[in-house]
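For reference, the structure discussed in these notes is given below.
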Amino acid sequence: MVALFLLHSIVAQAQDSTVTRLEPVVVEVGRGAHRSPLELPFAISVATPDSARPGQRHLSLDETLAAVPGLAVSNRNNPSQDPRISIRGFGARSAFGVRGIRVLRDGIPLTLPDGQTPVDYLDLESVGRVEVLRGSASSLYGNAGGGVIDLRSSEPALAPLAADAKWWTGSFGNRRLVGKAGGSVLGVGYQGNVAHTLNTGFRDYSRQRVTTAFARAAVERGAATFALQYLGMNMPLAENPGALTAAQMAANQRMADPLAIRKRARKAVTQSQIGLTARRSGESRDVEAAVYLGVRSLDNPLAFAVVDVERTSSGASLRGGVPWEVAGVSHRFTAGAELQVQNDSRQNFANCNDDPMPTSPTAACPVVGAERGNITLDQRELVASIGAYIRDEMRLGERYIASAALRGDRVRFEVRDRLIQSNNPDDSGRRTLGALSPMAGVLALLSPTHSAYVNVSSAFETPTATELGNQPSGAAGINRELRPQRSTTVETGVKGSWP
């Protein structure tokens with residue numbers, strides 16, 4: 001009996017020594033202090049991509065976001081086009097890039113001020129968790145607020161240096177090489193990776209060569225955290241096989257559009273983005289700030305033209321929160337502001353590629369053998385957005401939490417025409433669009449692991465700079481009649497966890 005008692009004690013002590021207490025799940029997409037998803041009156045999901053689907057290639061967002069409910073990612077399997085992301089219908093009408101949804105990497109926006117989000121340069125190797133807010137989010141995030149996807153980097157290794165390399169090979173010429181390194185030295189956590197991908201593609205004329213890079217360093221000093229991160233991409237080749245008719249698809253689903261081949265439709269892109277964030281958290285108040293800068297170069301021959309874009313984008317944000325009490329009711333007040341600027345130099349040329357190549361000059365293609373013909377568009381496109389928001393969270397007793405938010409935005413579009421000729425008038429112009437986006441919600445804590453909520457929120461989405469350049473008459477210049485898309489959402493639900 002004594003032996004059994006001692007054995008039981010030893011086993012119990014061994015079990016106790018190996019128990020790992022998990023940290024509570026908190027999210028940051030609520031634009032307040034770190035909160036449990038059970039305390040926010042929104043539909044919020046937190047996913048760890050590799051734990052849900054181990055062995056990912058990290059090639060596309062459809063792999064990373066596969067386990068998030070209410071979110072659909074359509075991989076077009078076209079190396080020259082981004083995937084289409086839809087959250088409860090928002091973003092479904094996007095023809096090219098990601099629209100209607102705010103995308104962030106470690107809190108730094110990838111979404112441009114006109115609402116578009118290029119995600120071809122988004123490196124997915126070091127993504128450790130994904131926070132997704134489903135539903136109207138313009139009251140907190142402004143333009144393109146039909147939902148928020150915030151991709152958070154994994155924590156660096158605790159050792160001074162940890163490194164690994166991976167190599168994938170697959171059908172249709174798929175090759176991918178990844179090198180990663182990270183660690184913690186003198187209180188600084190760092191990590192970085194480089195990935196090189198080669199792909200011939202399932203369809204004809206769909207080759208791709210791309211190299212992506214990511215680096216991040218963070219340091220904690222007391223209650224303050226500072227982080228510097230870099231995203232980079234070089235894609236010298238991404239062929240565009242184009243779209244097929246139903247008859248072509250039935251005849252050969254691997255074929256490319258003959259016109260896309262003749263015109264050598266493709267794109268070459270280089271992009272870099274660097275961002276700096278600072279955060280100070282405490283029981284009484286918390287403050288967070290960020291600044292970022294990105295540059296992008298695009299060479300995009302299409303069937304109808306050769307598009308050349310040189311882009312600079314930048315922005316800054318500041319947010320602060322403080323607790324306070326009025327008439328025995330606990331409040332947490334949050335206020336913030338954001339500024340974004342986008343500066344595009346856009347040129348269109350006649351696409352002189354053809355098969356067979358012309359042997360004599362034409363009016364649009366005066367130089368035989370040159371890909372770029374006469375210039376048809378030369379303009380600078382400037383987009384600037386500024387937004388400010390306030391949010392108050394009230395605890396009404398032990399079980400109820402009420403919150404309300406209001407955000408105001410102004411987005412200014414300006415076109416400076418640089419191709420002014422006798423037969424081509426000055427199409428310069430500017431236009432400013434604005435919106436107020438309110439939100440209110442109530443949440444009831446049903447148990448330590450369950451809550452019910454209801455909210456009413458609004459969202460708006462401005463036309464992009466390209467859409468504002470489209471006129472029903474076909475004339476150039478800014479469309480004065482096109483207005484932002486507005487929507488109102490009423491949502492109620494129950495959330496929690498079950499064993």
Side-chain angles (χ1 to χ4, degrees), residues 29-31 42-45 60-62 64-66 68-76 78 81-105 107-122 130-151 313 315 338 340 342 381 383-385 387 389 405 407-413 431 433-439 455-470 479 482-491:
V29 293
R31 279 275 160 107
F42 319 112
I44 296 179
S45 293
S60 177
L61 278 171
D62 60 324
T64 304
L65 302 176
V68 179
L71 183 150
V73 183
S74 300
N75 188 343
R76 310 182 200 214
N78 185 332
Q81 293 187 10
D82 287 336
R84 180 189 288 117
I85 303 177
S86 173
I87 298 180
R88 296 179 176 176
F90 287 97
R93 70 182 181 88
S94 171
F96 297 102
V98 177
R99 291 284 310 280
I101 297 168
R102 199 80 169 166
V103 182
L104 306 98
R105 178 65 191 261
I108 294 179
L110 306 184
T111 301
L112 297 167
D114 68 349
Q116 292 189 98
T117 308
V119 294
D120 49 10
Y121 73 103
L122 178 58
V130 181
E131 300 177 6
V132 179
L133 190 159
R134 303 188 299 277
S136 301
S138 286
S139 60
L140 298 174
Y141 289 88
N143 192 14
V148 180
I149 300 174
D150 192 356
L151 299 110
S313 58
E338 291 180 294
Q340 280 189 286
Q342 175 184 339
E381 300 167 356
V383 186
S385 70
Y389 60 91
R407 174 165 174 144
D409 286 273
R410 290 182 67 84
V411 185
R412 177 182 173 182
F413 296 84
R431 189 173 174 198
L433 305 173
L436 284 175
S437 304
M439 184 281 296
N455 72 65
V456 181
S457 55
S458 64
F460 83 103
E461 179 182 329
T462 67
T464 66
T466 303
E467 290 171 338
L468 279 176
N470 295 330
N479 190 326
L482 203 57
R483 294 181 296 173
Q485 171 186 290
R486 298 301 306 265
S487 62
T488 301
T489 301
V490 179
E491 178 186 5

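Position 1 is the first residue of the sequence; numbering continues from there.
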The criterion is side-chain contact (heavy atoms from CB on, under 4.5 Å); which residues satisfy it with V456, sequence neighbours excluded?
T488, V490
Can you run down the salt bridge (charged side-chain N to carboxylate O under 4.0 Å, His left out) pairs that involve residues 107-120, sequence neighbours left out, and say none if there aren't any?
D120-K267, D120-R296
Can you tell if the side chain of L61 reaches within under 4.5 Å of the side chain of I149, non-hydrogen atoms only?
no
For S457, the side-chain contact (heavy atoms from CB on, under 4.5 Å) test, sequence neighbours excluded, returns S136, M439, N455, T489
Here the gap from L65 atom CG to L71 atom CG, rounded to the nearest 0.5 Å, amounts to 5.5 Å
Going by heavy atoms in the side chains, are P83 and D62 under 4.5 Å from each other?
no
Not counting sequence neighbours, which residues clear side-chain contact (heavy atoms from CB on, under 4.5 Å) with S385? List them please.
P113, Q340, V411
Is any side-chain heavy atom of S458 closer than 4.5 Å to a side-chain heavy atom of S138?
no
Could you pull out all residues at least two apart from R412 that satisfy salt bridge (charged side-chain N to carboxylate O under 4.0 Å, His left out)?
E414
Hey, are the side chains of Y141 and L104 touching, using non-hydrogen atoms and a 4.5 Å cut-off?
yes
Would you find more than 12 non-hydrogen atoms of other residues, nucleotides or ligands less than 6.0 Å from R486 atom CZ?
yes
Expected output: side-chain T111 to main-chain V103 donor-acceptor under 3.5 Å:
yes
Can you list everything that forms a side chain to side chain donor-acceptor pair (under 3.5 Å) with S45? Sequence neighbours excluded, please.
R134
Are any of the side-chain heavy atoms of V98 and L110 separated by less than 4.5 Å?
no
Would you indicate whether the side-chain heavy atoms of V148 and F42 approach each other to under 4.5 Å?
no
What pairs with R99 under salt bridge (charged side-chain N to carboxylate O under 4.0 Å, His left out), at least two apart in sequence or on another chain?
E461, E467
Under the rule for side chain to side chain donor-acceptor pair (under 3.5 Å), what residues qualify as partners of R407, not counting sequence neighbours?
E338, D409
Side chain to side chain donor-acceptor pair (under 3.5 Å) involving T462 - partner list, sequence neighbours excluded
N143
